[in-house]
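Structure, as structure tokens:
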There are 2 protein chains.
Amino acid sequence: MNPSRKAAPARKSKSNRQGRKPAISRQDIVDAALQLLGPHRSVATLSLREVARAAAIAPNSFYRHFQSIDELAVALIEQAGQSLRDLIWKARSRVGAGESVIRASVETFLQQLQSDKHYLHLLLREGAVGSAAFKQAVERQLEFFEKELQTDLVRLAAASNTPIHNAELVSRAITRLVFSMGTSAMERPPAEHPKLIDDVTDMIRTIMVGTETLAMQNAPSPR
Amino acid sequence: MNPSRKAAPARKSKSNRQGRKPAISRQDIVDAALQLLGPHRSVATLSLREVARAAAIAPNSFYRHFQSIDELAVALIEQAGQSLRDLIWKARSRVGAGESVIRASVETFLQQLQSDKHYLHLLLREGAVGSAAFKQAVERQLEFFEKELQTDLVRLAAASNTPIHNAELVSRAITRLVFSMGTSAMERPPAEHPKLIDDVTDMIRTIMVGTETLAMQNAPSPR
DNA sequence: ATACATAATATACAGTTGTATATTAATTAT
DNA sequence: ATAATTAATATACAACTGTATATTATGTAT
């Protein structure tokens, strides 16, 4: 399963173009909004006029690209989720033999807090405020993470011959945990991040040991 | 350790009162704000004027009781946290012999989603948006939950003679998990809540088994 | 060259917000 | 009764918001 960077479908792909050439793209607006956001600014506080200002367009021009601020917010979340999953995928695929996949993933994930792109802040913070559409978008991204983690867990379990009890729940628990701890980390000085990575890794290991133990109890055939 | 309902310190307790009698109390404003909130309305979207309107006072009168909207938000969070912890404490203390403390706690917690008081929504949703003071207030409430859970876990472990590996991390993990899953539950129809309670209970059990196994590995004296 | 279609802007408006200032009302101390 | 002190309101203002309408610019097809 590769990172699947499918380009977002163009808004209106009239092949027979006619009329004025767009001076600005949907993506340009997304980028402008992204610059406004950050550790101390949440999507919910973005105003249409402000984004338009940042993108150097007239307020009304915004409507040519998005129906509403909400549609922009969804686009932001989707881009953030996509980018982060790509990133983790790359990190995992280059993890060496002796190293821990868990630790590598957690590390690359939380390292993004320092990044100047604010994808992680975006995804962590906005969990549950905003319109229904927006909240669903966030939830959708979370589920993507969960699914990818699940296939990874199953693969790992098969490789190392350690069973797993209820892989779906386990991957969901881990994902939620990482996101929740990441949210806390956001508000703390970077000096505390290493300790936090240790903690999260330890939590995940506890879950892994638990699921393994439970699986062995339920199907104790030593084969 | 009892529920510790300490009354919030009065704003200005001039013993030598003089002047006009307050027509409205801090708490009245908190109550008015609470009515505005709910499953689909977050603290971040409250405006001073709106709250004043709901409390039937002039906008400026608000300042007599709170320095800013932010101070009100913090008060809201604190009241929500306090109430919920009281509630869980009561639920736990009346759990019978054969029943599961874990399950009872999770159940009473998530049942609050149906309550007409919106404490749980408040606490679940607002995790990471808002001012620094506000976010710290939320984090503080989370830590209260963690601490109470930790003492509970330690007590339970001693009683049932099952060891615990790193009780602090375990209680933190469980707390975060419950809150995160609760946030998701908020957006889903009540019909799915039982299944959700099962899931969360299962997750927690996995963690408990994990911590137990780890503890036994580290100190395998069979005494 | 002309018509047409599209993108972007200009102007405008009504609504809301936070807050500064001034005024009135109610209560207590003297 | 009068002064003092506090609570609450009234009025006002500048900033900002989303959006409706009209106009201008810029490209393509004929």
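The analysis underlying the following values was restricted to heavy atoms, covering all of them including side chains, and did not include hydrogens, waters or symmetry mates. Each chain gets a letter, A, B and so on, in the order the sequences are listed, and its residues count up from 1.
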*Counting only side-chain N and O atoms of B/S61, is one of them less than 4.0 Å from OP1 or OP2 of D/dT9?*
yes
*asked:* Does the protein touch nucleotides 22-30 of chain C at the base, only the backbone, or not at all? Give it as B, S and - per nucleotide, heavy atoms under 4.0 Å.
replied: ---BBBBS-
*Candidates B/L142, B/T183, B/I77 - the one meeting side-chain contact (heavy atoms from CB on, under 4.5 Å) with B/L123*: B/I77
*Taking atom P of D/dG18 as reference, at what distance in whole Å does atom CG of A/L72 sit?*
12 Å
*asked:* Is the phosphate of D/dA8 approached by B/H65 (side-chain N or O, under 4.0 Å from OP1 or OP2)?
replied: yes
*asked:* Please report the interatomic distance CD1(A/I69) to CZ(A/R49), rounded to the nearest 0.5 Å.
replied: 12.0 Å
*Between D/dA8 atom P and B/F66 atom CZ, what is the distance in whole Å?*
12 Å
_Counterpart residues, side chain to side chain donor-acceptor pair (under 3.5 Å), relative to B/D31 (two or more places apart)_ = B/Q27
*asked:* Under a 4.0 Å threshold between the charged nitrogen and the carboxylate oxygen, would A/E71 count as salt-bridged to A/R26?
replied: yes
_Nearest non-hydrogen partners of A/A54 and A/L36, listed with the distance_ = CB-CD1, 3.9 Å
*Decide, yes or no, whether a salt bridge links B/R92 with B/E107 under the criterion of side-chain N to carboxylate O below 4.0 Å.*
no
_Interatomic distance, B/I29 CD1 vs D/dA7 P [rounded to whole Å]_ = 12 Å
*Would you name the heavy atoms of B/G182 and B/L113 that are closest together and state the gap between them?*
O-CD1, 4.3 Å
*Can B/E143 and B/R172 be counted as an ion pair, charged N to O under 4.0 angstrom?*
no
*asked:* For A/R41, is there an ion pair with A/E50 - N to carboxylate O distance below 4.0 angstrom?
replied: yes
*Among residues 45-58 of chain B, which residues get a heavy atom nearer than 4.0 Å to DNA chain C?*
B/S47, B/L48, B/R49, B/R53
*Within this structure, what is the CG-to-P distance between B/D28 and D/dA8, rounded to whole angstrom?*
10 Å
*Give the rounded distance in Å between these two atoms: CD1 of B/I69 and P of C/dT16.*
16 Å
*Just compare D/dA7, C/dA8, C/dT19 and give me whichever is closest to any side-chain atom of B/Y63.*
C/dT19
*Euclidean distance, atom CZ of residue A/F62 to atom P of C/dT9 [Å, nearest integer]*: 14 Å
